[in-house]
4 protein chains.
Amino acid sequence: MIIVMNKDATEQQLDAVVRKIKEFGLDANISKGTERTVIGAIGDERKLDQELFEALPGVEQSMHIVKPYKIVAREWHKENSIIDIKGVPLGGNQIQIIAGPCSVETEQQMEEAAKFVKEANCRLMRGGAFKPRTSPYTFQGKGVEGLDLFRKAADKEGLPIVTELMDVRMLDTFLEYDVDVIQIGTRNMQNFDLLKEVGKINKPVILKRGMSATISEWLMSAEYIAAGGNHNIIFCERGIRTFETYYRNVLDVTAIPVLKKETHLPVIVDPSHAGGKAWMVASLSRAAIAAGADGLLVEMHPNPCEAWCDADQALNPGELKSLMGELKGIAEVIGRSI
Amino acid sequence: MIIVMNKDATEQQLDAVVRKIKEFGLDANISKGTERTVIGAIGDERKLDQELFEALPGVEQSMHIVKPYKIVAREWHKENSIIDIKGVPLGGNQIQIIAGPCSVETEQQMEEAAKFVKEANCRLMRGGAFKPRTSPYTFQGKGVEGLDLFRKAADKEGLPIVTELMDVRMLDTFLEYDVDVIQIGTRNMQNFDLLKEVGKINKPVILKRGMSATISEWLMSAEYIAAGGNHNIIFCERGIRTFETYYRNVLDVTAIPVLKKETHLPVIVDPSHAGGKAWMVASLSRAAIAAGADGLLVEMHPNPCEAWCDADQALNPGELKSLMGELKGIAEVIGRSI
Amino acid sequence: MIIVMNKDATEQQLDAVVRKIKEFGLDANISKGTERTVIGAIGDERKLDQELFEALPGVEQSMHIVKPYKIVAREWHKENSIIDIKGVPLGGNQIQIIAGPCSVETEQQMEEAAKFVKEANCRLMRGGAFKPRTSPYTFQGKGVEGLDLFRKAADKEGLPIVTELMDVRMLDTFLEYDVDVIQIGTRNMQNFDLLKEVGKINKPVILKRGMSATISEWLMSAEYIAAGGNHNIIFCERGIRTFETYYRNVLDVTAIPVLKKETHLPVIVDPSHAGGKAWMVASLSRAAIAAGADGLLVEMHPNPCEAWCDADQALNPGELKSLMGELKGIAEVIGRSI
Amino acid sequence: MIIVMNKDATEQQLDAVVRKIKEFGLDANISKGTERTVIGAIGDERKLDQELFEALPGVEQSMHIVKPYKIVAREWHKENSIIDIKGVPLGGNQIQIIAGPCSVETEQQMEEAAKFVKEANCRLMRGGAFKPRTSPYTFQGKGVEGLDLFRKAADKEGLPIVTELMDVRMLDTFLEYDVDVIQIGTRNMQNFDLLKEVGKINKPVILKRGMSATISEWLMSAEYIAAGGNHNIIFCERGIRTFETYYRNVLDVTAIPVLKKETHLPVIVDPSHAGGKAWMVASLSRAAIAAGADGLLVEMHPNPCEAWCDADQALNPGELKSLMGELKGIAEVIGRSI
């Protein structure tokens with residue numbers, strides 16, 4: 001950690017900072033510049049809180065120079081981690097497209113959806129049984145009944161399933177239905193109690209980026225899960241909140257190369273929630289794969305106009321199929337398969 | 001709801017929209033302009049989902065014209081709601097300053113803190129037993145032991161207590177310790193399961209604004225609580241996330257008059273977390289009260305330099321006292337007391 | 001335009017709105033809903049100012065339903081516009097990569113740069129003679145001397161040149177040096193006097209998006225140029241400002257399909273300024289082309305470590321060449337050439 | 001400047017950084033920590049470009065530790081600067097409220113406006129002759145004729161005038177009409193050529209904050225003016241762009257104490273453009289003065305409903321008068337006059 005003293009800091013103030021550093025068992029390196037004195041704390045700076053020093057008189061600012069995340073950091077684990085999802089590898093050379101409807105509606109809808117997912121050559125299926133909705137007055141998902149419908153429909157086609165967990169009290173039920181990948185939604189990226197709980201099991205977890213979470217906060221949320229013992233974490237970029245109102249969110253493609261540099265864990269993208277309109281999905285999907293994403297989480301509905309929620313963002317089965325063709329081409333250009 | 005057809009929309013597409021509106025039991029008013037046809041849905045539009053229409057061919061956009069919140073809306077409840085907190089009124093003419101440390105540390109710290117809160121003429125006390133921390137490796141709060149220390153120290157001075165609930169499974173413990181006001185933190189503003197649970201009890205709830213939540217989303221989160229039956233809701237503006245990096249968050253004072261217009265419920269402000277530095281707190285506190293806030297949630301620590309977290313943002317007891325004097329003056333200018 | 005009255009609006013207030021609409025020569029359609037009365041203004045609503053109505057008593061809100069831009073809108077001009085830059089087409093099937101250094105430094109640097117641009121099979125060259133710098137104390141560009149060096153170096157290789165105009169008083173000099181494409185930088189997107197002036201000439205203009213400009217404001221800035229008579233406008237997405245601090249800006253790929261839908265004019269992307277680091281450029285470039293961009297504006301320097309500004313974001317000649325190979329592959333997948 | 005090497009940096013890479021520092025005439029202090037080596041550059045770091053170092057192999061990041069602004073910094077000029085505007089002091093104990101219409105419309109409107117400004121005890125008048133409008137098709141201001149009307153109306157009441165300069169070519173005309181304070185609008189905060197020109201004259205300049213400008217960029221834009229020799233600079237906070245759509249911009253009150261700490265120059269606030277609605281203005285004005293602003297720039301129109309632009313944000317004369325009363329009270333509470 002670097003601590004910068006302000007121009008008029010006294011020797012006494014400097015001493016107090018050095019004393020504080022030593023209290024935590026670290027050493028101090030003092031460098032007197034022409035305008036400022038800078039103190040470097042030598043040792044494991046993760047023990048030090050930035051605010052502790054900024055509260056001391058004479059301190060202008062303090063800065064961590066070491067990244068606060070460790071288990072998820074590529075710095076300490078150079079090779080890509082490949083997550084095994086019932087035999088389907090995520091994070092390796094092969095790109096995975098996870099497709100399915102926004103929400104579980106009926107048995108027929110799920111069976112059709114599963115069939116179309118399979119036909120499009122996708123290897124994993126998504127679907128929501130518990131839906132985080134802005135309004136208490138709108139459809140909140142089919143709940144456990146939805147989990148059941150989803151599990152059965154996917155099993156018929158041999159597809160592992162991905163679904164969102166919102167309430168920590170439902171975790172046992174998720175394990176009972178043997179949900180293959182647990183999704184933590186954007187609104188729960190910093191629901192630390194939920195993170196701690198999924199950190200204790202060994203199911204793969206998709207951790208969606210908070211709507212306005214920084215890269216660093218996102219990595220720290222993954223570190224919460226990892227610190228509990230579960231290293232099967234998949235990052236999912238789903239668009240960030242900005243000033244732009246034409247589209248729901250701005251898909252942050254830059255996050256893809258940045259995460260691939262910072263972490264060894266897989267990175268996927270949700271092009272459906274990002275833009276919020278079906279007609280944007282193909283463009284955003286191609287961009288994500290071209291930028292280096294390891295997979296996608298795409299909404300497809302057998303009959304989008306009849307979908308119970310987010311009707312305007314789901315692809316129809318034909319669109320998914322044709323998108324898969326384009327993505328295959330792009331994957332090959334960058335030396336990957338799909 | 002207003003549905004705007006695009007320039008080249010056909011009669012058939014128009015008919016399909018009208019049919020959909022009627023399916024939901026509403027009527028349609030068609031207005032053909034020079035460049036666009038606009039359809040108005042007449043009836044209770046809260047039943048209609050915007051996305052449902054935007055998924056239909058020929059539709060350019062659809063817009064709600066009625067606000068989606070009802071119980072919390074001033075439109076349906078003209079007078080200010082005054083929340084009673086063990087005899088202390090919040091939301092009326094008298095302004096309430098809720099003060100106390102960021103986190104519960106020791107018995108001595110809490111007893112001193114309570115004494116100073118009382119001495120400064122504040123009527124309510126804050127303190128955190130469960131802390132949402134970005135890193136899994138930093139101090140996470142004293143937990144239940146902290147609740148106990150807090151309850152006892154506050155009781156000695158006769159102060160009702162405000163503390164944050166993060167995990168739905170801790171609600172019973174909060175009731176057991178008779179927490180007077182339950183705070184829902186910024187990261188949980190859209191933790192819908194938690195909102196539903198605090199909606200079932202009758203304790204006052206402080207609902208902090210999500211770091212990047214819109215006014216409308218915030219009101220809808222309050223509506224979740226209210227829909228469960230608990231109308232004792234207090235909004236707390238605590239700064240929003242923007243591009244600015246000099247300070248932690250931008251205190252959104254505009255939200256104060258806007259909320260006072262949109263809802264009958266009290267609105268308070270947390271100037272400590274907004275700016276993130278003790279030297280900004282007096283300025284921001286005065287601004288909040290001048291703008292019309294019903295109260296503040298301020299961090300005060302008996303000895304800020306020794307605080308276990310957020311050391312750089314707590315006022316010391318003398319600063320709190322002097323701030324109270326300024327706030328009293330401003331309150332009088334706008335016809336209120338403190 | 002749609003005008004929504006508030007719940008308690010009186011008949012008199014309604015009449016005043018209708019009168020105002022008629023004053024501007026439009027007709028009014030009144031639709032009384034269950035909770036709100038909505039007035040539609042029938043006629044050319046571009047004559048009406050939204051604020052005019054929101055100032056009237058009883059009005060809750062007013063909304064334009066027609067887009068405010070016309071000349072640049074695809075609605076009125078279905079085919080793609082192809083801009084001819086000294087024989088190089090931009091906006092058609094062939095994708096154009098515009099490469100070159102951030103700033104003109106020396107004769108040798110520019111000659112080498114031009115040679116490498118040519119060798120990489122790019123058909124247009126970029127370079128800055130006038131640099132908008134945050135600090136008055138840093139290198140501000142070589143000015144007119146830089147223009148001269150650039151023109152000569154590019155002419156040797158037969159490359160049309162792209163360079164930024166900041167000051168309206170330099171326009172004649174730009175014409176004198178026969179600058180092939182005039183770039184309007186992000187900080188000048190709403191420098192309306194500058195837009196009006198480049199609207200009077202017939203040179204192609206690259207209009208960079210303002211750092212926090214909405215799509216609609218951006219289109220309106222282009223409309224300023226177009227309204228003056230110059231329809232040779234190229235949009236350039238260059239990243240937007242958000243809360244994220246890991247990278248300089250967030251490349252908004254969603255803007256690409258959205259602009260291609262809203263306007264018939266070409267859309268290019270600047271991956272170098274967006275991310276701000278050379279190691280991100282290949283990823284972002286591939287994403288941009290995959291999303292449907294018509295071209296790129298890429299920084300390449302013969303020797304990046306020695307560059308006078310933005311040294312950390314320029315590709316070296318080898319990296320540019322290798323990127324061109326990847327882009328060619330992606331272009332083919334989506335049926336385009338490069 | 002601090003340069004942090006990455007974990008695997010070699011001795012050679014370290015040497016190259018030290019060499020680069022010495023090339024610029026500074027010294028290097030090397031501090032080897034347990035995980036990272038940090039190099040401090042000792043000397044005038046304003047000569048060093050951050051990017052120069054981040055382009056070197058083995059460098060993880062580099063950070064300035066000294067602020068890049070100097071003339072405008074309070075660090076080098078402890079006392080408040082008081083700007084004299086034809087005898088009216090701005091930046092001292094007395095707060096100045098600058099009032100007037102958004103745009104100059106007619107002789108009668110301006111004469112009435114001036115009379116009401118005077119009657120409300122304001123000492124300075126604002127009004128726009130050149131208007132930056134998003135659309136080329138809306139009213140662009142009366143231009144030079146407007147300047148003339150404004151000058152005459154204000155002279156009758158003995159009020160110095162404040163008006164916006166957009167085009168550098170109009171500066172001579174502004175001097176001819178002896179405009180007392182030149183306003184640089186939000187869209188021109190980084191129009192560096194314009195800043196350089198107003199830096200050469202000795203008229204007071206109001207520098208509005210760019211809609212998404214950081215505090216640091218804003219101070220640097222002022223430094224551009226100051227570096228030219230004109231130190232009569234007044235900062236004007238006018239709201240920043242965020243994700244919130246309920247109001248036009250978010251008034252950033254935190255910027256007030258922050259600027260008062262960073263610079264010795266006066267800081268005023270424009271509550272009218274920030275919120276965009278007349279009903280928000282009183283709240284925001286009180287907040288601004290309570291937070292420590294030296295003045296306000298407020299829109300007042302003799303007859304808001306008839307205003308030619310921004311009709312919904314102007315106060316009427318009665319509202320201005322009543323606001324002045326409240327502000328006087330708040331000013332007294334914090335030991336100032338109005």
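Only this structure's heavy atoms are used, side chains among them; waters, hydrogens and symmetry mates stay out.
In this structure, B:His64 NE2 and C:Arg36 CZ are separated by 13.0 Å, a value rounded to the nearest 0.5 Å. For the atom pair CD (C:Glu60) and NZ (B:Lys67), the distance works out to 4.5 Å, reported to the nearest 0.5 Å. One finds the CE atom of B:Met63 at 7.0 Å from the CD1 atom of C:Ile65 (value rounded to the nearest 0.5 Å).
Using non-hydrogen atoms only and a strict 4.5 Å limit, the part of residues 242-250 of chain C facing chain B consists of C:Thr242, C:Phe243, C:Thr245. Of residues 3-16 of chain C, those residues lying under 4.5 Å from chain B by any heavy-atom pair are C:Val4, C:Lys7, C:Asp8.
Residue C:Ser31 comes nearest to B:Ile42 through the heavy atom pair OG-CD1, 3.4 Å, listed as atom of the first residue, atom of the second, then distance.
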Mind running side-chain contact (heavy atoms from CB on, under 4.5 Å) on C:Asn29 and B:Asn29 for me, showing each step along the way? CA-CA 10 Å; C:Asn29 172 295; B:Asn29 172 295; 4.0 Å; yes
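Contact of C:Ile2 with chain B is made through the side chain alone, with heavy-atom distances under 4.5 Å. When heavy atoms are compared at a cutoff of 4.5 Å, C:Glu45 does not approach chain B at all. Heavy-atom distances place both the backbone and the side chain of B:Glu75 under 4.5 Å from chain C.
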